[in-house]
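The structure appears below as structure tokens.
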Amino acid sequence: MSVDTGQQGTDRSGAAAHEGSGRARPTLTWPTLAECARSLADGDTTSVAMVTRSLDAIDAAQPTLNAFKVVRRAAALAEAADADRRLAAGERLPLLGVPIAVKDDVDVTGEPTAFGCAGDFPTKTADSEAVRRLRAAGAVIVGKTHSPELGQWPFTGGTFGHTRNPWARDRTPGGSSGGSAAAVAAGLVPAALGSDGAGSVRIPASWTNLVGIKPQRGRISTWPDPEAFNGVTVFGPLARTVEDAALLLDLVAGPHEGDLHTPRPLTVRDAVDREPGRLRIALSLKLPFTATPTALHPEIRDAVGGIAHTLRRLGHEVVVADPAYGILLGANFLPRSMAGLEEWRQRVPDPTQLDPRTLANARTGRLLGGLPLRVARAAEPRIRRRIGAIFNEFDVILAPTTATPPPRVDAIDRTGHYETDKVITAACPYAWPWNVLGWPSVGVPAGFTDDGLPRGVQLMGHESSEPLLVSLAAQLERELRWDTATPERWW
């Protein structure tokens, strides 16, 4: 799915390549999700050819990049052949015949859902609602991507080894949607679905030069679960362009009858081509509550400053201002996430195969799953009002997505529970508050470090503000053209 362009980069402040950083020079370009769909609809290629290229690229990359848990070669090729018959008969759907990957925390008929865990998981007899909607749009599911165990860490590794970053093989692509991010950044698929419970779409987007959307809670159904991790986790798209991410979001959005959260319907793809108007934007570097020492890396600080400068140049007012996070926010997140982890632990066929850190977190979840969880859920409206007060003055918040560039893949290997928490808190303290609030946030690329490692920022909005955030992200993309930068192939 790639062609050589010989195109050279510009500078890292524009999110393209910069001189002196070989890993950041764009040497390849891959078709976007929208381009793939148009090529199939116009008859320029066939689904079988497109899916075969994707599957062959996955197979070639798997021994080194290690992005996939399940590769559905036979099933995907059969689905592609059916898509070609439907295309030839004149049928048109938004993604008819296009290869897509999904994270291994959603159900795909005929495949297990292991969510990063070892063990003999049963095959599923029905698709998750998000997968059903992908199929209804015509997509061909080529495989399920790796996640760390039960999505706990911003590193994608486990009993299956490490998933590696296409931009640097010794670095993590992030997590917990690291397999999906690596697959898209390496051009194995044009887009993928991930999930975000504490930044797990936005963090890997930041560390792989992608766009990642964490939508409003309930925007994408989590069925067969009425909600995921007590409402902190949502599904979201990963793609190289804002248009692709918005298109994928629109296609998988929508409720299931049993969902606990059903926000009013909206579309975001049409916001890509709409100017956002002059906005008042809060620039916030404030760390939300953390229990361990954390500091913002200078090159991440520079990246946020560079995006702020671009926004000002585009006519927006950018003012330093911070949300009123407060200590109660962390106290709200912990019971919901840990109790959700314990619920997932109970689904694992053999919990004795779980990482000791997982078992420790699950024990915490058992302790917090009663009254503390009910108190946390009851406090959410009050927390929303306090933090949401910033939107009386501002339209959008600009903040770092992570505190550091991507760490080494083995940074939490063989570390104890407390040491692991120190590493992940130091790297990723910024994204989780919006999971407690349930509001949208869009992660966008913000150039590269001096070592050629991707970095990103997040645009954070109030309830159901996806169209505004997407419009602003698309305006930045037109200015910075981060989609022209791709990693040099090593996998």
Audit row: Val184, Trp30, side chain to side chain contact (heavy atoms under 4.5 Å, CB included) steps and yes/no: CA-CA 10 Å; Val184 177; Trp30 297 306; over 6 Å; no

Criterion side chain to side chain contact (heavy atoms under 4.5 Å, CB included) on Phe68 and Asp59, from CA distance to verdict: CA-CA 9 Å; Phe68 280 81; Asp59 288 346; over 6 Å; no

Side chain to side chain contact (heavy atoms under 4.5 Å, CB included) evaluation trace for Thr233 with Asn435: CA-CA 7 Å; Thr233 295; Asn435 294 90; 5.8 Å; no

In sequence, state the C-alpha distance, the side-chain angles, and the governing distance for Glu466 and Ser464, and then conclude on side chain to side chain contact (heavy atoms under 4.5 Å, CB included). CA-CA 6 Å; Glu466 292 99 325; Ser464 295; 4.2 Å; yes

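A heavy-atom distance below 4.5 Å is found between the side chains of Asp107 and Pro224. Within the 4.5 Å cutoff, the side chain of Phe333 has no heavy atoms near those of the Pro288 side chain. At least one side-chain heavy atom of Leu476 sits under 4.5 Å from a side-chain heavy atom of Leu311. Side-chain contact between Thr64 and Arg164 is absent, with no heavy atoms from C-beta onward closer than 4.5 Å. Within the 4.5 Å cutoff, side-chain heavy atoms of Leu65 are placed close to those of Pro166. Residues Leu341 and Glu149 are not in side-chain contact: their nearest non-hydrogen atoms beyond the backbone lie 4.5 Å or more apart. Side chains of Glu35 and Pro190 form no contact here, defined as non-hydrogen atoms less than 4.5 Å apart. Put simply, the side chain of Val142 reaches to within 4.5 Å of the side chain of Val51, judged on heavy atoms.
Side chain of Ser54 to backbone of Met50: no donor-acceptor contact under 3.5 angstrom is found. Judged by distance alone, with hydrogens and angles left aside, the side-chain atoms of His297 form a donor-acceptor pair with the main-chain N or O of Glu299 at under 3.5 Å. Using a distance-only test at 3.5 Å, with no hydrogens or angles considered, no donor-acceptor pair links the side chain of Asn209 to the main chain of Pro445. Remark: side-chain polar atoms of Arg455 are not paired, donor with acceptor, to backbone N or O of Pro405 under 3.5 angstrom. Listed for the Asn165 side chain is no donor-acceptor partner under 3.5 Å among the backbone atoms of Thr208. Remark: the backbone N or O of Asn66 is paired with a side-chain donor or acceptor of Thr163 at under 3.5 angstrom. Checking side-chain atoms of Thr156 against main-chain N and O of Gly178 turns up a donor-acceptor pair under 3.5 Å. The main-chain N or O of Thr145 is never found under 3.5 Å from a side-chain atom of Ser180 such that the two would form a donor-acceptor pair. When atom types are taken as modelled, the side chain of Gln458 and the backbone of Val442 share no donor-acceptor pair closer than 3.5 angstrom. Under the 3.5 Å distance criterion, the side-chain polar atoms of Arg274 are left unmatched by any main-chain donor or acceptor of Pro467.
Heavy-atom minimum distance, Trp482 versus Ala473: CH2-O, 3.5 Å. Across Glu477 and Thr241, no two heavy atoms sit closer than the pair OE2-CA, 3.1 Å. Closest approach of Val268 and Ala246 over heavy atoms only: CG2-O, 3.5 Å. Of all the heavy atoms in Ser147 and Phe115, the pair that sits closest is OG-CE2, 3.4 Å. Pairing each heavy atom of Pro323 with each of Ile390, the nearest pair is N-CD1, 3.6 Å. Of all non-hydrogen atoms in Val234 and Arg217, the two that sit nearest each other are CG1-CA, 3.7 Å.
Atom CG of Asp225 and atom CD of Glu129 lie 12.5 Å apart (nearest 0.5 Å). Separating the CG atom in Asp483 from the OG1 atom in Thr32 is a distance of 8.5 Å, to the nearest 0.5 Å. Separating the OH atom in Tyr430 from the CG atom in Leu287 is a distance of 4.0 Å, to the nearest 0.5 Å. To the nearest 0.5 angstrom, Asp270 atom CG is 11.5 Å from Leu247 atom CG. Taken to the nearest 0.5 Å, the CD1 atom of Ile424 stands 8.0 Å off from the CZ atom of Phe155. In this structure, CG on Leu150 lies 12.0 Å from OG on Ser337, to the nearest 0.5 angstrom.
In the model, Thr486 has no side-chain atom that pairs as donor or acceptor with a side-chain atom of Arg240 under 3.5 Å.
The ring pair (Phe, Tyr, Trp, His ring centres under 6.0 Å) search around His256 returns Trp223, not counting sequence neighbours. Among residues two or more places apart in sequence or in another chain, the ring pair (Phe, Tyr, Trp, His ring centres under 6.0 Å) test is passed with Tyr325 by none.
Of the options Ser177, Ser176, Ser195, a side-chain hydrogen bond (donor to acceptor under 3.5 Å, both in side chains) to Asp105 is made by Ser195 and by none of the others. Under the salt bridge (charged side-chain N to carboxylate O under 4.0 Å, His left out) test applied with Glu111, the options Arg72, Lys144, Lys69 reduce to a single match, Arg72.
Using a 4.0 Å cut-off between charged side-chain N and carboxylate O, Glu227 and Arg336 make no salt bridge. A salt bridge between Asp395 and Arg280 is absent, with no side-chain N of the basic residue lying under 4.0 Å from a carboxylate O of the acidic one.
Both tests do not hold together for Arg202 against Trp434: distance to the six-membered ring centre under 6.0 Å, angle to the ring axis within 45°.
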